[in-house]
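Computed from a prediction, not measured in an experiment: that's the story for all the values here. Within every chain, numbering begins at 1; the chains are lettered A, B, ... in the order of the sequence lines, protein sequences first and strands thereafter.
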Amino acid sequence: MLQVFVIREYRDGVVAGLAKRGIKDAATLVDRAVELDQLRKQAQQKADEIRARSNTEAKRIGELIKSGQSEEAAKLRVAIAADKESLKTIEGDLASYEEQLRQHLYKIPNVPAEKVPAGAGADENVTVHSHGKAPQLGPDAVPHWELIKKYDIIDFDLGVKITGAGFPVYKGKGAKLQRALISFFLDEAEKAGYREMMPPIMVNEASGYGTGQLPDKEGQMYHVTLDNLYLIPTAEVPITNLYRDVILREEELPVKNVGYTPCFRREAGSWGAHVRGLNRLHQFDKVEIVQIRKAEDSYTALDEMCAYVQGLLEKLELPYRKLLLCGGDMGFNSAMTYDMEVFAAAQQRWLEVSSVSNFETYQANRLKLRYKNKEGKTELLHTLNGSALALPRIVAAILENNQSGKGIRIPSVLVPYAGFDRIS
RNA sequence: GGAGAGAUGCCAGAGCGGUCGAAUGGGACGGUCUCGAAAACCGUUGUACGGGCAACUGUACCGAGGGUUCGAAUCCCUCUCUCUCCGCCA
């Protein structure tokens with residue numbers, strides 16, 4: 001969430017930024033936050049004042065009792081009673097304002113960075129880079145959902161039988177290809193200086209709030225109600241939450257972590273025409289990179305992360321384009337996001353395989369993730385993350401783009417991991 | 001799942017219902033000494049929200065949330081977590 005002081009001090013900039021997301025009542029939203037903070041502050045001051053008074057009075061009563069002046073003490077006790085009453089109401093107000101302010105701040109998305117273009121939706125994203133050419137497929141080329149049946153490598157029907165739609169079963173070379181991709185991605189990340197983390201794939205409520213999945217995306221996560229745990233929608237959640245309530249030392253920065261996890265998404269209401277096969281799943285595998293940076297170098301890190309992800313796609317020989325998302329298409333928490341999309345040649349569609357974002361202090365503020373700078377002051381850090389990469393759509397593109405009469409060619413970087421160079 | 005013990009500052013660990021934001025030890029940092037280092041000695045060492053140009057200052061925080069009390073780290077209740085023993089078990 002945004003810091004109140006930022007909203008207060010840079011009110012107009014915040015309003016203008018939010019407008020880039022297409023939020024119409026940005027000014028009202030922002031002014032309400034300032035107003036609630038003002039009310040909160042007033043209540044706080046009043047409460048502090050009364051508390052200060054009762055603290056000294058209470059001390060005096062102690063002294064009076066000690067020196068045997070119990071009558072004086074009794075008088076004082078009576079005199080304090082009124083303060084106690086008013087303190088109770090003020091504390092009630094204070095708690096209510098704090099809660100209202102928090103709830104209100106949860107509703108305000110991050111302010112887009114300077115470079116982010118205004119725009120209402122995906123149509124206004126800007127293609128900033130593209131690489132590779134779509135392969136010329138033969139006349140008998142088919143989309144991946146046909147290929148997986150033909151070669152019997154991924155089975156949706158079996159998944160339906162044991163779990164439900166959107167939970168595929170990977171079989172034989174299909175399963176090995178998954179493992180190969182995961183290992184390849186983790187090894188590459190390690191070479192690029194990321195430390196591998198293997199976190200739990202269920203998290204508690206506090207973690208959900210920490211990275212912003214709660215309260216607004218409640219319905220998108222699988223919720224194990226018996227134990228009040230959530231299945232993670234991405235490794236970003238556990239790996240970023242490792243740093244919740246943490247004050248890092250300067251020499252511990254930058255933090256660069258990578259993690260492989262399965263990801264679980266309910267995708268409530270998002271099933272439609274273009275989500276056949278591997279395009280959208282309830283459970284899928286993803287390798288995620290997470291960085292924690294000082295404010296001054298977080299955008300360098302963002303570029304670095306994009307370059308890293310692009311390198312992966314190039315090694316996998318997949319044609320891709322890089323989009324700078326416009327305000328209206330960016331995630332709630334993000335200040336700037338680049339999406340990488342690969343071209344799936346049989347579907348003739350671009351598939352999003354990675355989203356790399358800088359959240360600036362938006363997540364860190366909720367997480368209370370800070371570091372002590374040279375002057376000994378604690379300062380919020382910037383968090384960033386990116387998929388590197390999400391597997392299903394990568395698999396879809398590999399299958400579709402590399403098909404021929406002789407089967408499916410495996411990209412050469414994966415061959416040592418997979419143990420085969422062709423699915424046929 | 002059953003029984004018991006516990007949760008205090010960066011770590012270890014003390015704490016009578018009032019003078020405790022908290023003894024003591026360790027660590028870290030600064031200083032004295034030294035050519036330098038070690039040792040020794042001295043000092044510093046939390047977070048949040050306010051007020052103040054500043055020095056400084058008010059309030060809250062001893063797992064979390066309630067309660068008792070003029071006053072709670074200390075008493076009571078609920079929850080969470082950790083440890084030990086037993087049971088079960090990949």
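The distance between atom NZ of Lys372(A) and atom P of rC29(B), rounded to the nearest whole Å, is 15 Å. Atoms CG (Leu248(A)) and P (rU47(B)) sit 14 Å apart, rounded to a whole Å. If you take NZ of Lys84(A) and P of rC70(B), they are 6 Å apart, rounded to a whole angstrom. Between the CD atom of Glu57(A) and the C1' atom of rU19(B) there is a distance of 17 Å, given to the nearest Å. Between the CZ atom of Arg40(A) and the C1' atom of rG50(B) there is a distance of 8 Å, rounded to whole Å. Atom pair Ile247(A):CD1 and rC61(B):C1' shows a separation of 14 Å (rounding to whole Å applied). With rounding to whole Å, Asp48(A) atom CG is found 16 Å from rU57(B) atom P. For Lys59(A) and rA72(B), the NZ to C1' distance is 14 Å, given to the nearest whole Å.
OP1 or OP2 of rA48(B) lies within a sub-4.0 Å distance of a side-chain N or O belonging to Arg370(A). Distances shorter than 4.0 Å separate none of the side-chain N or O atoms of Asn55(A) from OP1 or OP2 on rG71(B).
Taking atom C1' in both rA12(B) and rG18(B), the straight-line distance is 29 Å, to the nearest Å. rA55(B) sits 39 Å from rG36(B) when the C1' atoms are compared, rounded to a whole Å. Distance check on atom P: rG65(B) versus rG1(B) gives 26 Å, rounded to whole Å. Taking the P atoms as reference points, rU74(B) lies 10 Å from rC61(B), given to the whole Å. As rounded to the nearest Å, rG13(B) and rG63(B) have P atoms that lie 15 Å from one another.
There is no side-chain donor-acceptor pair under 3.5 Å between Tyr371(A) and Glu251(A). With hydrogens and angles left out, the side-chain atoms of Gln220(A) and Gln213(A) include no donor and acceptor closer than 3.5 Å. Counted by atom type alone, His282(A) and Tyr222(A) present one or more donor-acceptor pairs between their side chains at under 3.5 Å. Inspection of the Thr89(A) and Glu85(A) side chains reveals no N or O donor paired with an N or O acceptor under 3.5 Å.
Residue contacts for Arg51(A): at a heavy-atom cut-off of 4.0 Å it reaches the sugar-phosphate backbone alone, with no base atom in range. Heavy atoms of Arg249(A) sit nowhere under 4.0 angstrom from any nucleic acid atom.
Within the structure, the salt bridge (charged side-chain N to carboxylate O under 4.0 Å, His left out) test picks out the following pairs touching residues 35-46 of chain A (sequence neighbours left out): Arg8(A)-Asp37(A), Arg32(A)-Glu35(A), Asp37(A)-Arg40(A).
Each of Thr378(A) and Thr56(A) was matched to the nucleotide of RNA chain B holding its nearest heavy atom; the match closer to the 5' end belongs to Thr378(A). In terms of position along RNA chain B, the nucleotide closest to Gly62(A) lies nearer the 5' end than the nucleotide closest to the other residue of the pair Gly62(A) and Lys41(A).
A salt bridge is defined here as a Lys NZ or Arg NE, NH1 or NH2 lying under 4.0 Å from an Asp or Glu carboxylate O, and Lys377(A) with Glu379(A) fails to meet this definition. Salt-bridge annotation for Glu63(A) and Arg60(A): absent, with no side-chain N of the basic residue lying under 4.0 Å from a carboxylate O of the acidic one.
Each of rG18(B), rG58(B), rG50(B) was ranked by its minimum atom distance to the side chain of Arg8(A); first place goes to rG50(B).
Of the listed residues (Glu196(A), Glu304(A), Glu190(A), Glu288(A)), just one forms a salt bridge (charged side-chain N to carboxylate O under 4.0 Å, His left out) with Lys256(A), and that residue is Glu304(A).
Helical stems involving RNA chain B, defined as 3 or more consecutive Watson-Crick or G-U pairs under 3.5 Å, span B:1-7 with B:80-86, B:10-12 with B:24-26, B:27-32 with B:40-45, B:46-51 with B:56-61, B:63-67 with B:75-79.
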